Amino acid sequence: MVEVRVATADDAMAMARAHVRSWQAGYRGLIAADYLDGLRPAEWARRYSFDPERSGRHTLVAVDGDVLCGHVTFGGSRDDELADSAEVWALYVDPPRWGTGISSALMLAACASLAKAGHEHAFLWVLSTNVRARRFYERMGWTADGCERTDVIGGTTVDEVRYVTSLGRHP
Ligand SMILES: CC(C)(COP(=O)(O)OP(=O)(O)OC[C@H]1O[C@@H](n2cnc3c(N)ncnc32)[C@H](O)[C@@H]1OP(=O)(O)O)[C@@H](O)C(=O)NCCC(=O)NCCS
């Protein structure tokens with residue numbers, strides 16, 4: 001039985017291992033292979049914050065017994081013009097668990113938490129070429145809002161598109 005719960009500092013290393021595997025599979029062919037192959041979970045684990053009071057970010061993890069399968073991070077928007085809005089910052093699921101419903105369980109829990117905090121909408125950014133994630137978001141009721149930006153990830157210039165959802169549908 002998969003459970004979604006609040007992440008703690010003790011989850012950092014397992015979270016980082018699944019996170020790196022998710023990048024390496026999900027972004028293969030979308031950003032530089034050398035960069036993906038060089039990702040080190042221990043470095044990522046050190047960068048996480050598990051203190052929402054300090055970081056403004058909340059992280060939930062999906063666990064199957066004692067196996068951590070993925071995480072979602074959310075909080076206030078990083079976009080200046082959306083200062084009072086919510087953003088889903090990250091959703092990363094271990095590749096063997098793709099297509100199992102874990103991703104939707106994490107997303108629904110994040111949206112429910114943001115709705116409970118009083119937000120009406122949430123935004124997220126996704127690589128324009130990330131077809132699988134875009135289809136997932138669209139099926140979950142998110143739509144591209146027409147906003148686009150360029151970023152550089154691991155030396156690759158990438159286009160990103162912004163999605164929005166109404167949290168009214170997540171009571
Ligand atoms: C994005 C992610 C969370 C989605 O979770 P998931 O469990 O894979 O999602 P699902 O399998 O339920 O749905 C994915 C959709 O892509 C489709 N799909 C499956 N394989 C695919 C492929 N190789 N290429 C394109 N689409 C594919 C599925 O059929 C489904 O579409 P549908 O609803 O139209 O049937 C997960 O794949 C992941 O962690 N990816 C890597 C990290 C990532 O990209 N995170 C998002 C960053 S913004």
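Fair warning: this is a prediction, and the values are worked out from it, not measured in the lab.
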What do the steps show when you test His58 against Val6 for side-chain contact (heavy atoms from CB on, under 4.5 Å), and what is the final call? CA-CA 8 Å; His58 300 259; Val6 173; over 6 Å; no
Applying salt bridge (charged side-chain N to carboxylate O under 4.0 Å, His left out), run through Arg162 and Glu81 and close with a yes or a no. CA-CA 13 Å; Arg162 193 169 69 186; Glu81 80 275 18; 3.1 Å; yes
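Residue Ala25 comes nearest to Pro95 through the heavy atom pair CB-CG, 3.6 Å, listed as atom of the first residue, atom of the second, then distance. Phe74 and Ser113 make their closest contact through CE1-OG, 3.5 Å (heavy atoms, listed as atom of the first residue, atom of the second, distance). Among all heavy-atom pairs drawn from Leu60 and Ala109, the shortest one is CD1-CB, 3.6 Å. For the residue pair Ser77 and Leu82, the shortest heavy atom distance occurs at CB-O, 3.3 Å. When every heavy atom of Trp142 is checked against every heavy atom of Cys111, the shortest pair comes out as CZ2-SG, 4.0 Å. The heavy-atom pair separating Cys69 from Ile102 by the smallest distance is CB-CD1, 3.7 Å.
For the pair Val67 and Arg97, the minimum side-chain heavy-atom distance is below 4.5 Å. Within the 4.5 Å cutoff, no side-chain heavy atoms of Ser85 are placed close to those of His121. Residues Val4 and Leu106 form a side-chain contact, since some pair of their non-hydrogen atoms from C-beta on lies under 4.5 Å apart. Looking only at side-chain heavy atoms (C-beta outward), Arg54 and Ser49 come within less than 4.5 Å of each other.
The CZ atom of Phe123 sits 10.0 Å away from atom OG1 of Thr165, with the distance rounded to the nearest 0.5 Å. Here the CD-NE2 distance, from Glu87 to His119, works out to 11.0 Å after rounding to the nearest 0.5 Å. To the nearest 0.5 Å, atoms CZ (Arg149) and CG (Asp159) are separated by 11.5 Å. Rounded to the nearest 0.5 Å, atoms OH (Tyr163) and SG (Cys147) are 13.0 Å apart.
Considering Asp151, Val88, Asp79 as possible partners of Trp125, the one that fulfils the side-chain contact (heavy atoms from CB on, under 4.5 Å) test is Asp79.
Side-chain atoms of Ser104 come within 3.5 Å of backbone atoms of Gly101 as a donor-acceptor pair (strictly under, hydrogens ignored). Listed for the Ser128 side chain is no donor-acceptor partner under 3.5 Å among the backbone atoms of Val161. The closest donor-acceptor contact from the side chain of Asp94 to the backbone of Pro96 lies at 3.5 Å or more, if one exists at all. No donor-acceptor pair closer than 3.5 Å links the side chain of Asp37 to the backbone N or O of Asp34. At least one donor-acceptor pair closer than 3.5 Å links the side chain of Ser55 to the backbone N or O of Asp51. Side-chain atoms of Thr73 never come within 3.5 Å of backbone atoms of Thr59 as a donor-acceptor pair (strictly under, hydrogens ignored).
Placement of Val164 and Leu114 in two distinct hydrophobic clusters is found when ILVMFWY residues are connected by side-chain heavy-atom separations under 4.5 Å, directly or transitively. Both Phe136 and Val72 belong to a common hydrophobic cluster when Ile, Leu, Val, Met, Phe, Trp and Tyr are linked at side-chain heavy-atom distances under 4.5 angstrom. Grouping the Ile, Leu, Val, Met, Phe, Trp and Tyr side chains by contacts below 4.5 angstrom, directly or via other members, places Leu91 with Leu124.
Annotation for Phe50: hydrophobic cluster partners, listed by chain and number, are Met15, Val20, Trp23, Tyr27, Leu30, Ile31, Tyr35, Leu36, Leu39, Trp44, Tyr48, Val61, Val63, Leu68, Tyr92, Leu127, Ile153, Val158 (ILVMFWY side-chain heavy atoms under 4.5 Å, direct or chained).
Judged as a salt bridge (charged side-chain N to carboxylate O under 4.0 Å, His left out), not a single pair has a partner in residues 131-143 (not counting sequence neighbours).
Judged as a salt bridge (charged side-chain N to carboxylate O under 4.0 Å, His left out), and not counting sequence neighbours, Asp66 has no contacts.
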